[in-house]
> 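The structure follows.
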There are 2 protein chains.
Amino acid sequence: MSSGTPTPSSARVVTLEQPAVDAAREAIADGIDREALVTVFGRCTVDYEGRASSTLEAGDRHVMLKPDGAALVHTDEGQQPVNWQPPGCTHAVSCDPAGDEDGAEGESVLVIESVRSTPDERLCVRFQNVVQVSAFSGTDENDIALSGTEEDLRQRILEEPALLETGFTPLATERETAAGAVDIYGEDAAGRTVVVELKRRRVGPDAVGQLRRYVDALERDLHADAEVRGILVAPSVTDRADRLLVDHGLEFVSLEPTSE
Amino acid sequence: MSSGTPTPSSARVVTLEQPAVDAAREAIADGIDREALVTVFGRCTVDYEGRASSTLEAGDRHVMLKPDGAALVHTDEGQQPVNWQPPGCTHAVSCDPAGDEDGAEGESVLVIESVRSTPDERLCVRFQNVVQVSAFSGTDENDIALSGTEEDLRQRILEEPALLETGFTPLATERETAAGAVDIYGEDAAGRTVVVELKRRRVGPDAVGQLRRYVDALERDLHADAEVRGILVAPSVTDRADRLLVDHGLEFVSLEPTSE
DNA sequence: GGCTAGATCTCGCTT
DNA sequence: AAGCGAGGTCTAGCC
């Protein structure tokens, strides 16, 4: 399928600049129908109601509607969208009479709504001015390959258990306890039960609490005076987390997800 | 400053469709210089190296470069970008000889790099085909107004402490302990110290661990046999969290951030 | 659908 | 710069 020359992309775009409201509505509706990725840039207000509720007065923003139902409203700042809707929403576009101070005007505004249920949530973007509408179609067959995750750290220990400590033997991953699944369950050189909690980066008090719950649960499960060791594995810990570890008789081993 | 008619937006856009590599490079560089919000859609590969590392083979994606240094790479699926760079990065755009199988070709590809330090991180997007380049300029003076947050829940209780329980008296918010700041610190009708942990939504085991740490820390701080009550306030709790509450002698009060 | 925990979490705040 | 916790977190996996 692939040749020496780059595969010519089948990607397409339809772009409108400064469109009239109705032309914008049509282009957006068409893009949604064609399952394109639709973007709209212009001056708009944004209202959200659902798990919480929010309002945002007029400003120039970039709106992205994805064919899977996701919606994103971006300002010129921040990595995160100022408003959004998760995948699974239904996008709708329409024209409304301008609901401004002068209701008698013949002007109309472009309205984009993204709605979902469970939970009921609605995002409404009203454009006073549309600067650009684009509808992108393309293909993306490839998934991202990521390394340096907690899963990599787990693999590293399973392949070389001595990294944790000499004589450590992993017996299970995701072993279930009354408090939830343990990252690595095993035993030490002396045959004592070991619970290992993995974190890909420096950890704070939360991770200690997690490990503590697993150790407590296992000590009950395994009956009586069973001694269960809890080991937190991470690149490093904060001071407060370290104090908590000591207070609760838990241990720490410094390891990173990947070697170097 | 604002009149009866909608303020004409000063927002502008420069759009190129199917640009030659060098024209794309120039438009993007110019947009970055002008502190515009720049978007590029086309077939690209993406490489990331930093806190973790990732690679992504060719596909059609939407790239957004923000003037604050943020970079986002979106596919047609998901609310989250497949790759990104946080605000504070430096964006750079250039043309490279096509690094494909046939190195002798005169073709060149468009390369966008976003780099930051602390931690050292680099994102590199290589476009085989550029379908559209846009550079948006606009203004956004307004901040979002959000309600239904934990802060709203706090205000609700401070204004009507009896919502927690009859006779409750708040004494401080964000009261510092050895384990961190407590959401609400107060005392009950009998004069006993009360620690309140707030959550805007249904909570699991984590929140119980948090409350537990605060109560433990205060019992040590306040000396000896001081009895400290810990109350978790949230709309609801999971079964496992409820069991943990009971096990550790903690209490639960059901409250939502806003009244209906 | 709910529960649990991870994430290159991001973001804001405080030290 | 680091620590800490909130978030409309989102997302994946499992039950």
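Chain naming here is simple, since letters A, B, ... match the order of the sequence lines and numbering starts at 1 in each. None of the values given here were measured: they were computed from a predicted structure.
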> Whether B/Arg43 and A/Asp140 form a salt bridge (side-chain N of Lys/Arg under 4.0 Å from carboxylate O of Asp/Glu) is what I want to check.
no

> Would you say the side-chain atoms of B/Glu121 and B/Tyr48 include a donor-acceptor pair closer than 3.5 Å?
yes

> If you walk 5' to 3' along DNA chain C, what is the first nucleotide with an atom under 4.0 Å of a heavy atom in chain B, and what is the last?
C/dC3 to C/dC11

> Regarding A/Asp152 and A/Thr149, is there a side-chain donor-to-acceptor distance under 3.5 Å anywhere?
yes

> I'd like the P distance from D/dC4 over to D/dG8, given in whole Å.
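Those two atoms are separated by 23 Å.
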
> For the residue pair B/His62 and A/His62, does the interplanar ring angle fall in the parallel (under 30°), tilted (30 to 60°) or perpendicular (over 60°) class?
tilted

> Roughly how far apart, to the nearest Å, are D/dC14 and C/dT8 at atom C1'?
25 Å

> What is the distance from CG of B/Asp120 to P of D/dA1, rounded to the nearest Å?
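Taking CG of B/Asp120 and P of D/dA1, I get 12 Å after rounding.
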
> Just checking, is any N or O donor in the side chain of B/Arg126 or B/Thr45 under 3.5 Å from an acceptor N or O on the other one?
no

> Closer than 4.0 angstrom, basic N to acidic O: yes or no for B/Arg201 and B/Glu150?
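No, B/Arg201 and B/Glu150 are not salt-bridged.
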
> Between A/Arg220 and B/Asp247 (salt bridge meaning N to carboxylate O under 4.0 Å), is one present in this structure?
yes

> For every nucleotide of nucleotides 5-15 of chain D, 5' to 3': is a protein heavy atom under 4.0 Å from its base (B), only from its sugar-phosphate (S), or from neither (-)?
SSSBBSS----

> So, using side-chain hydrogen bond (donor to acceptor under 3.5 Å, both in side chains) as the criterion, who are the partners of B/His74 when residues are at least two apart?
A/Lys66

